[in-house]
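Order of listing sets the numbers, starting from 1, for every ligand and every atom in it.
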Amino acid sequence: MDNCIFCKIVAKQIPAAVVYEDDDLLAFKDINPAAPVHLLVIPKQHVATLSDCTDAHAAVLGKMLALAPKLAKENGIDVKTDANGNTSGGFKTLINAGPDGGQEVYHLHLHVYGGPRPWRGLNI
Ligand code: AMP
Ligand code: ZN
């Protein structure tokens, strides 16, 4: 898609700190992180917004969400439980859709946030 910044990242026309890539997905570090770890997971194929998704997108949406725990483990933000049963760590996933949803880039993306709080600029 012309003039889509995330399509340009997929095409390697602009740089990104890529943390994962396969045939369908790309994951990279958010350029303006709102948490100590802030990653974006995108489909390589352009989809503007979650609002455009239908059953036809169920597989790629599932792949995007299923990638989150793998990325969390690889980036040290997974949920941990110690020998006493105390739980720590963890992460948040988010998809913004449309202006009221806070979407700024119109190429579908899943945010993955994690790391010690407080998180800058993310009051959620
Ligand atoms: P959203 O508000 O859900 O559309 O989120 C868009 C996200 O994309 C923001 O968190 C931006 O910081 C991030 N972003 C914009 N341009 C780039 C880029 N070139 N590389 C990495 N992240 C970007
Ligand atoms: Zn795109």
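- Both Y20 and V41 are members of a single hydrophobic cluster when ILVMFWY side chains are connected at heavy-atom separations under 4.5 Å.
- Around the Zn ion (ligand 2), protein N, O or S atoms at less than 2.8 Å comprise C4 SG, C7 SG, H46 ND1, H107 ND1.
- Taking all atoms of both residues into account, the shortest heavy-atom contact from Y106 to H46 is O-CE1, 3.2 Å.
- Close contacts of ligand 1 with H111, meaning ligand atoms under 4.0 Å from a residue heavy atom, involve 1 (P), 3 (O), 5 (O), 7 (C), 10 (O).
- One finds a salt bridge joining D78 and K80 here, because a Lys/Arg side-chain nitrogen approaches an Asp/Glu carboxylate oxygen to under 4.0 Å.
- By the 4.0 Å heavy-atom criterion, F28 is counted among the residues contacting ligand 1.
- Taking every heavy atom of both residues into account, W119 and G114 meet most closely at CZ2-CA, 3.6 Å.
- Every atom of ligand 1 with a heavy atom of H109 under 4.0 Å away is listed here by number and element: 1 (P), 3 (O), 4 (O), 5 (O), 6 (C).
- Under a 4.0 Å criterion applied to the non-hydrogen atoms of K29, ligand 1 contributes the atoms 21 (C).
- Taking CG from L39 and OG1 from T93, the interatomic distance works out to 12.0 Å, rounded to the nearest 0.5 Å.
- Taking CG of L50 as the reference point, atom CG of L61 lies at 6.0 Å (rounded to 0.5 Å).
- In this structure, CZ in F28 is found 9.5 Å from NE2 in H38, a value given to the nearest 0.5 Å.
- Heavy-atom proximity to N96, at under 4.0 Å, picks out these atoms of ligand 1: 1 (P), 2 (O), 3 (O).
- For I14, no nitrogen or oxygen atom sits less than 3.5 Å from a nitrogen or oxygen atom of ligand 1, counting backbone and side chain alike.
- A side-chain donor-acceptor contact under 3.5 Å links K44 to the backbone of D22.
- Considering backbone and side-chain N/O atoms, E104 comes within less than 3.5 Å of an N/O atom of ligand 1.
- Ligand-side atoms of ligand 1 in range of N32: 12 (O), range being under 4.0 angstrom from any heavy atom.
- Residue-level proximity to ligand 1 for Y106 is absent, since no heavy atom of it falls below 4.0 angstrom.
- Summarising the contacts of atom 13 (C) of ligand 1 with L94, I31, D30, the nearest heavy atom is found in D30.
- Checking side-chain atoms of Q103 against main-chain N and O of V105 turns up a donor-acceptor pair under 3.5 Å.
- At distances below 3.5 Å, not a single donor-acceptor pair connects side-chain atoms of N84 with backbone N or O atoms of N86.
- Atoms CG and CG, from L25 and L110 in turn, are 10.0 Å apart once rounded to the nearest 0.5 Å.
- Using modelled atom types, no side-chain atom of H111 and backbone atom of H109 make a donor-acceptor pair closer than 3.5 Å.
- Here the closest non-hydrogen pair linking A68 and F91 is CB-CE1, 4.1 Å.
- Using a 4.0 angstrom heavy-atom cutoff, A16 does not count as in contact with ligand 1.
- Protein heavy atom at the shortest distance from atom 19 (N) of ligand 1 is I5 CD1, 3.7 Å.
- Looking at V105 next to ligand 1, an N or O pair under 3.5 Å apart turns up.
- Nearest protein heavy-atom contact of atom 2 (O) of ligand 1 is G102 O, 2.8 Å.
- Of all atoms in ligand 1, listed by their number and element, those nearer than 4.0 Å to a heavy atom of L40 are 8 (O), 13 (C), 22 (N).
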